[in-house]
Novice: 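Could you have a look at this structure, given as structure tokens, before my questions?
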Amino acid sequence: MEYNFKEIESNWQAYWAKHKTFAAKDGGDKPKYYVLDMFPYPSGAGLHVGHPLGYIASDIVARYKRHKGFNVLHPMGYDSFGLPAEQYAIQTGQHPKITTENNIAVYRRQLDKIGFSFDWDREVRTSNPEYYKWTQWIFIQLFNSWYNKSSDKAETISTLISEFETNGNSKVNAACEESVQSFTAAQWKAFTEKEQSDILMAYRIAYLGEAYVNWCPQLGTVLANDEVKDGVSERGGYPVERKLMKQWSMRINAYAQRLLDGLDTLDWTDSLKEAQRNWIGKSEGTSLRFKVIRHPELVSGSQEMLKQVQHDIEVFTTRPDTIFGVSFLTIAPEHELVESLTTAENKAAVEAYVTQAKNRSERERQADVTKITGVFTGSYVEHPFTGKQIPVWIGDYVLAGYGTGAVMAVPAHDSRDYSFAKHFGLPIIEVVKGGDLEKESYDAKEGILINSDFLNGLQVKDAMKLAMQEIEIQRLGKKKLNFRLRDAVFGRQRYWGEPIPVYYKNDIPYVLAENELPLVLPEVDKYLPTEDGEPPLARASSSWKYKGEFDYEHSTMPGWAGSSWYFLRYMDPHNGSVFADKKLTDYWQQVDLYIGGSEHATGHLLYVRFWTKFLKDLGYIDIDEPAKKLINQGMIQGLSSKAFRVSFGVSHTSIADSPDSKKELLPVKEIPPVFVSKSLFDSFNKEEWTADRQMAIDKISEIGNIITKQLQALHPDKVGKLSFNESIFQINVDVNLVSKGNILNVESFKNWREEYKSAHFLLEENGDYICGTEVEKMSKSKYNVVTPDDIAEKFGSDTLRLYEMFLGPLEQSKPWNTNGITGVHGFLKKLWKLFYGTGTFAVSDDEPTKGELKTLHKTIKKITEDIERFSFNTSISNFMICVNELTDAKCNKRAVLEPLLICLSPYAPHIAEELWKQLGHAESISTAPFPDFNEAYLVDDSVNYPVSFNGKVKFTLELAATLTAPEVEAIVMANEQTSKFLDGKQPKKVIVVHKKIVNMVV
RNA sequence: GCGCACGUGGCGUAAUUGGUAGCCGCGCCAGACUUAGGAUCUGGUCCGUGAGGGUGGGGGUUCGAGUCCCUUCGUGCGUACCA
């Protein structure tokens, strides 16, 4: 019987589904193991071969752990809220729910075909109201919490309110808005409800706050920092600008230190942890206040009044040691003191500058970081130690959102201040020796302090300490930690997301009660903002109001909301009374292995850690981190095929033809497309002139002439001829039209597009049309998408699974290329043959030979080690070696083949199940215990010793394994080959590494 | 600029702690069986006729380096005025 993968695979997929083979049990004697894939957004394009890479790896681990006696949780679901479905809805009017459901159906069909061992009874969809009820519930907990820095965790807001009622806020040590004023208990009680609400808002972890946000006009929504790449939106690539808006946000900044510390406990890749560390961006420094010296003309009052209105500019610096090098202050254009610092004569210039700086899009700002702009305010501050007057400038190199939005500029020792100072001719004061300030600033943190009063002569490190001390003693400022990590904007002005469970009464936001959840997404007539710029939810019917009266929040939650806790829901996916039963979260604990793309490094993976810590603070779960071990699978890029299209124009052939003759030229539109094969393109594409290049041009011109004649025959009244524009465009060709060796199927290509029907081709000498290739992202628009379905159709899913793993290390990115797939497929056929060697199923019950047992146990050992270190590509080669050896030995013995099948079943489950059944087993192979490997079978009687001279191996000696090192040395020294290579000399030293190698120093 | 990976045959890759570099697969070459093959099977395949050379280049540590250290070049990814 032939290896009929199609039948085998569909049979077993049906069997698994019917018997719920992979359903996880909540509890039991077995140890638990939780393997999770980052769940997909179900896009309209379906899965391509890159998507399953990580799923295959995690499935191998899941199946392996089941064999090893673990109770495995291996779920899958969909991150089903998101922009593409909504964009599609805007274009077509189709409800995103329908689009999403259709896409999910396609995904599911594709996933099932690959034979994953998911427990589908636990599937979650973030857009399902039963799911997002709990996303909303978590939001409410975040709203009803504040971050107590003293206990270093989130606490319920009621503890804060009772503190306000007894002591006011003077003793409160919270992560909150800087702008909060202090008040007493009496004052608190006297505040109106609105005032109290506003104050509490400054403390809540989910809060409504005014902040500069990334506004994307084309998408009509704000975006989080991690959704913006290079100043444009990550999805769609639309420009993003900064805008001051009132927005729901998450006080993730409160967790910055814990998010940083937690990294040390995680078994994640260094690059991923490093990316998070950079994103969190901790820096230790000091805050420092500079007294503003009021310009007399600013104040229309007496000197007395002048003193009263004085205020300070607070800066943040990590280099307090360079305090004597400050020659100016720079504040951000958005700084709150801009207006009050600006003198009358500078007013016009400052206003113009600020307006211009604010209107610049994020992209423009990033694009010309080298362009230095700024303006003088006219005001001065006093140097805290020298008392000298220091000018205050405005510059957009200072970011409003970081530190205090103001810096003390030390041009001698900070490259940005240096460029600014050079550009505006401001003084540069050297305070640390070691650099050449004519050329550049000296930013290094080493050297001796000069020009620095009490710091003179000190090393930078010591100067930092002393300066810091002095600043604190004189109460000019204090030590401060700063994090680059900004609070995360949580509102999106979009339709297809979780409604934020908030309503407004008298302009005060209130959250819904738990029993009022879920707040279901209302129907709208259009998925666009309203005329006055309100989000789409404002289009909901007038009955969509809280208690029929109060407006709901019109923003929805961002994409990362649902994915920030889904790993918990899988533990208890159908619970209607709690997001997940504590007993179950305690049982399943952390994800043991999490696999997904590295693009989530600073988004999802940071937010999910944040929510996990938050839920722990409130006592809902007992774990601090969502995933113990994480692997980033590499991206599979597409291999695009390119055809080379010649560009022709039409020109006049003679003076008689010239424009004055008023004869019409041949129509450019009717020129048939002309494609040249790769070698011609390559010849043409050479930088310098070569004979080859000229030949290519001649050939192209020649075909131009032929086409000219054809066109002239069609249009006898018109004049002109085709001329080669000396340019050839590369166009993407559907990879399905190209066969091995990049040969284009010309006939299919002509039928591909109406416009190519009449195409001309300049072929290779052998008559083929050869395409070019390029590695690009796999995408519909590049016609380079290869779906897993294509591969499964041709070779079967087991081959697909093995081949994706065989491609190379999991973490590595690589282009998709089916060159080696026949080898992997051949391996499965060879395996099949071990059982069906004679044409019918035949397995012997004979005792295996020593050699066969060695092959088997060597394989068990290697496979076990490979899986434990997630090295799947090497396991495939080890299986191949094993099957090759067994084939050579003509081994069809049950005692060898049975354990081998179990080892293979995580990788190629369908064929393993089928052969397992043929061997007479009634139960699925999936829980058969993984074979133990026995060292005894691997022990060799002899060792092949390489004998080397000065590290170069000259010959090998087969010696008994029982020999000791000195015995080996004696035998080697007595060997005639040794004396030949020694050539009569005495070796200086002989090294014998037992059972490894012999080396002689001559 | 900064951070993190990574450079090995024609190609994808292997070599867990320093111990015979090139396993496995593709491709290629030769042969067998076939009307035929993008089927199957067998043998060969780092370069060099050979001594020998060889893991991007240079240097070092070591009896011994693809592996460790320094330096340099190149590629990929992330990030970017974070004071």
Side-chain angles (χ1 to χ4, degrees), chain A residues 229-230 269-275 277-279 281-283 285 315-319 322 330 365-366 368-372 395-399 401-410 413-417 419-420 443 482-486 598-599 601-602 632 634-635 739-741 802-803 806-809 811-815 817-827 829-830 833 862 865-866 868-869 871 873-884 887 944-956 987-993 995-1002:
Chain A
K229 294 257 141 73
D230 302 321
T269 60
D270 286 339
S271 62
L272 186 64
K273 291 204 262 191
E274 205 51 35
R277 283 193 193 102
N278 289 339
W279 193 260
K282 178 180 178 174
S283 58
V315 301
F316 172 73
T317 179
T318 53
R319 293 293 301 274
T322 61
T330 317
R365 205 181 59 79
Q366 287 188 7
D368 28 71
V369 277
T370 46
K371 202 170 134 198
I372 294 149
D396 70 352
Y397 79 94
V398 177
L399 301 177
Y402 183 77
T404 59
V407 301
M408 58 174 226
V410 186
H413 306 290
D414 181 289
S415 55
R416 296 151 304 181
D417 297 339
S419 326
F420 197 83
D443 297 14
N482 242 324
F483 295 97
R484 211 181 75 113
L485 180 72
R486 306 292 153 76
S598 56
E599 67 272 21
T602 51
N632 289 129
M635 238 208 340
S739 52
K740 224 171 171 181
L802 290 178
Y803 186 59
F806 187 65
L807 235 36
E811 300 90 331
Q812 227 165 74
S813 287
K814 49 235 156 186
N817 171 338
T818 50
N819 284 349
I821 200 160
T822 53
V824 171
H825 190 63
F827 155 73
K829 284 200 219 166
K830 222 165 161 179
K833 266 198 175 164
K862 291 224 159 148
E865 287 166 356
D866 286 344
E868 300 284 351
R869 66 191 169 104
S871 172
N873 54 325
T874 52
S875 355
I876 314 288
S877 355
N878 283 318
F879 280 125
M880 289 175 173
I881 293 167
C882 178
V883 168
N884 288 347
T887 302
N944 193 20
Y945 278 97
V947 181
S948 55
F949 296 80
N950 291 331
K952 302 278 173 219
V953 177
K954 297 296 179 186
F955 62 94
T956 61
K988 281 194 199 128
K989 202 173 170 186
V990 180
I991 292 114
V992 178
V993 183
K995 293 191 177 179
K996 280 262 163 71
I997 197 167
V998 179
N999 189 22
M1000 265 170 248
V1001 190
V1002 193

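Order of the sequence lines fixes the chain letters, A, B, ..., with proteins taken first and strands second; residue numbering starts at 1 for each chain.
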Novice: Could you tell me how far B:rC46 sits from B:rC29 if I compare only their P atoms? Round to whole Å.
Specialist: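 Their P atoms lie roughly 16 Å apart.
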Novice: Taking 4.0 Å as the cut-off, does a side-chain nitrogen or oxygen of A:Asn999 come that near to OP1 or OP2 on B:rG19?
Specialist: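 No.
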Novice: Would you indicate what A:Leu807 reaches in the nucleic acid, counting non-hydrogen atoms under 4.0 angstrom: base, sugar-phosphate, or nothing?
Specialist: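 The answer is sugar-phosphate, as A:Leu807 gets under 4.0 Å only of primed atoms, P, OP1 or OP2.
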Novice: Of all the choices, B:rA21, B:rG19, B:rC26, which nucleotide is nearest to the side chain of A:Thr822 once you look at every atom?
Specialist: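 When the side chain of A:Thr822 is considered, B:rC26 is the closest of B:rA21, B:rG19, B:rC26.
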Novice: Is the phosphate of B:rG52 approached by A:Lys954 (side-chain N or O, under 4.0 Å from OP1 or OP2)?
Specialist: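 Checking B:rG52 against A:Lys954, a side-chain N or O does come within under 4.0 Å of OP1 or OP2.
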Novice: Answer yes or no: does a side-chain N or O of A:Tyr402 lie under 4.0 Å from OP1 or OP2 of B:rA83?
Specialist: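 Looking at the OP1 and OP2 atoms of B:rA83, one of them is under 4.0 Å from a side-chain N or O of A:Tyr402.
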Novice: Starting from P on B:rA14, measure out to CE on A:Met880 and report it in whole angstrom.
Specialist: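 Atom CE in A:Met880 sits about 14 Å away from atom P in B:rA14.
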Novice: Any idea which of B:rU79, B:rC81, B:rC4 is nearest the A:Ser271 side chain?
Specialist: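 The closest nucleotide is B:rC4.
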Novice: Can you tell me how far the CG atom of A:Asn819 sits from the OH atom of A:Tyr803, to the nearest 0.5 Å?
Specialist: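 Interatomic distance, A:Asn819 CG to A:Tyr803 OH, rounded to 0.5 Å: 6.0 Å.
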Novice: The side chain of A:Ile881 is closest to which nucleotide in this list: B:rC24, B:rC81, B:rA83?
Specialist: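 From the listed options, B:rC24 comes nearest.
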Novice: Please report the distance separating the P of B:rC33 from the corresponding atom of B:rG22, rounded so that it comes out in whole Å.
Specialist: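 It comes out at 34 Å once rounded to the nearest Å.
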Novice: Taking B:rG10 as the reference, what is the distance to B:rA5 when you measure between their P atoms (whole Å, please)?
Specialist: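 That atom pair is separated by 29 Å.
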Novice: In whole Å, what separates the P atom of B:rG76 from that of B:rC81?
Specialist: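 Each nucleotide's P atom is 23 Å from the other's.
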Novice: Any side-chain N or O of A:Ser283 below 4.0 angstrom from OP1/OP2 of B:rA83?
Specialist: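 So the side-chain polar atoms of A:Ser283 do come within 4.0 Å of the phosphate oxygens OP1 or OP2 of B:rA83, strictly under.
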Novice: Could you check which of B:rA83, B:rC41, B:rA80 has an atom nearest any side-chain atom of A:Lys833?
Specialist: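 Looking only at heavy atoms from C-beta outward on A:Lys833, the closest nucleotide is B:rC41.
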Novice: From the set B:rU16, B:rA83, B:rA80, return the single nucleotide nearest to any side-chain atom of A:Arg869.
Specialist: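 Selected nucleotide (nearest to the side chain): B:rU16.
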Novice: Please give the nucleotide sitting opposite B:rC4 as a Watson-Crick or G-U wobble pair, both distances under 3.5 Å, or none.
Specialist: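 By the stated definition (distances under 3.5 Å), B:rG76 pairs with B:rC4.
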Novice: Between A:Tyr945 and A:Lys996 (side chain of the first, backbone of the second, donor and acceptor by atom type, cut-off under 3.5 Å), is there such a pair?
Specialist: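 Looks like no, no N/O pair under 3.5 Å.
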Novice: Looking at B:rC68, which nucleotide sits across from it as a Watson-Crick or G-U wobble partner, both distances under 3.5 angstrom, or is there none?
Specialist: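 The answer is B:rG60, by the H-bond criterion.
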Novice: Under 3.5 Å, is there a donor-acceptor pair linking the side chains of A:Ser948 and A:Asn999?
Specialist: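 Note: A:Ser948 and A:Asn999 side chains meet the donor-acceptor criterion.
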Novice: Syn or anti: how is B:rG48 classified when any glycosidic angle within 90° of 0 counts as syn?
Specialist: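 Anti, angle beyond 90° from zero.
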Novice: Rounded to the nearest 0.5 Å, how far apart are NZ of A:Lys273 and CZ of A:Arg277?
Specialist: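 It comes to 6.0 Å.
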Novice: What orientation do A:Phe316 and A:Tyr402 show, parallel under 30°, tilted 30 to 60°, or perpendicular over 60°?
Specialist: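 Aromatic pair A:Phe316/A:Tyr402 classed perpendicular.
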Novice: What does B:rA32 pair with, Watson-Crick or G-U, if both distances are under 3.5 Å?
Specialist: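 When the pairing criteria are applied, B:rU40 turns out to be the nucleotide that pairs with B:rA32.
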Novice: Would you measure the distance from the P atom in B:rG74 across to the matching atom in B:rG57 and give it in whole Å?
Specialist: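 Nearest-Å result for B:rG74 against B:rG57 at atom P: 15 Å.
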Novice: Base, sugar-phosphate alone, or nothing: which one does A:Val398 contact when heavy atoms must sit under 4.0 Å apart?
Specialist: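 Result for A:Val398 = base.
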Novice: For B:rG25, take OP1 and OP2 only and decide whether either is under 4.0 Å from a side-chain N or O of A:Asn884.
Specialist: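 So the side chain of A:Asn884 is within the cut-off, an N or O lying under 4.0 Å from OP1 or OP2 of B:rG25.
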Novice: A:Pro946 side chain: which of B:rC26, B:rU20, B:rA14 is closest?
Specialist: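 Of all the options, the side chain of A:Pro946 is nearest to B:rU20.
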Novice: If the P atom of B:rU75 is compared with that of B:rA65, how far apart are they to the nearest Å?
Specialist: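 The same atom, P, in both gives a distance of 30 Å.
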Novice: Write down the distance separating the P atoms in B:rU55 and B:rU20, rounded off to the nearest Å.
Specialist: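 The same atom, P, in both gives a distance of 16 Å.
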Novice: Over how many whole Å does the gap from A:Lys988 atom NZ to B:rG64 atom P extend?
Specialist: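 Going from A:Lys988 (NZ) to B:rG64 (P), I get 11 Å.
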Novice: Using the P atom as the reference point in each nucleotide, state the distance between B:rA15 and B:rC6 in Å, no decimals.
Specialist: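 B:rA15 and B:rC6 have their P atoms separated by 13 Å.
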Novice: Should A:Lys862 and A:Glu865 count as an ion pair when the cut-off is N to O under 4.0 Å?
Specialist: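 A:Glu865 and A:Lys862: not salt-bridged.
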Novice: Would you mind pulling out the nucleotide paired to B:rU17, Watson-Crick or G-U wobble, both distances under 3.5 Å?
Specialist: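 Base partner found: none.
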Novice: From B:rA83, B:rG25, B:rG78, pick the nucleotide closest to the side chain of A:Phe806?
Specialist: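 Output: B:rG25.
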Novice: Report the C-alpha separation of A:Tyr397 and A:Asp417 in whole Å, then their side-chain angles, then the decisive distance to 0.1 Å, and conclude whether the side chain to side chain contact (heavy atoms under 4.5 Å, CB included) test is met.
Specialist: CA-CA 9 Å; A:Tyr397 79 94; A:Asp417 297 339; 2.7 Å; yes
Novice: Using OP1 and OP2 only, check whether a side-chain N or O of A:Lys829 sits under 4.0 Å from B:rU40.
Specialist: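 For A:Lys829, the contact criterion (side-chain N or O under 4.0 Å from OP1 or OP2 of B:rU40) is met.
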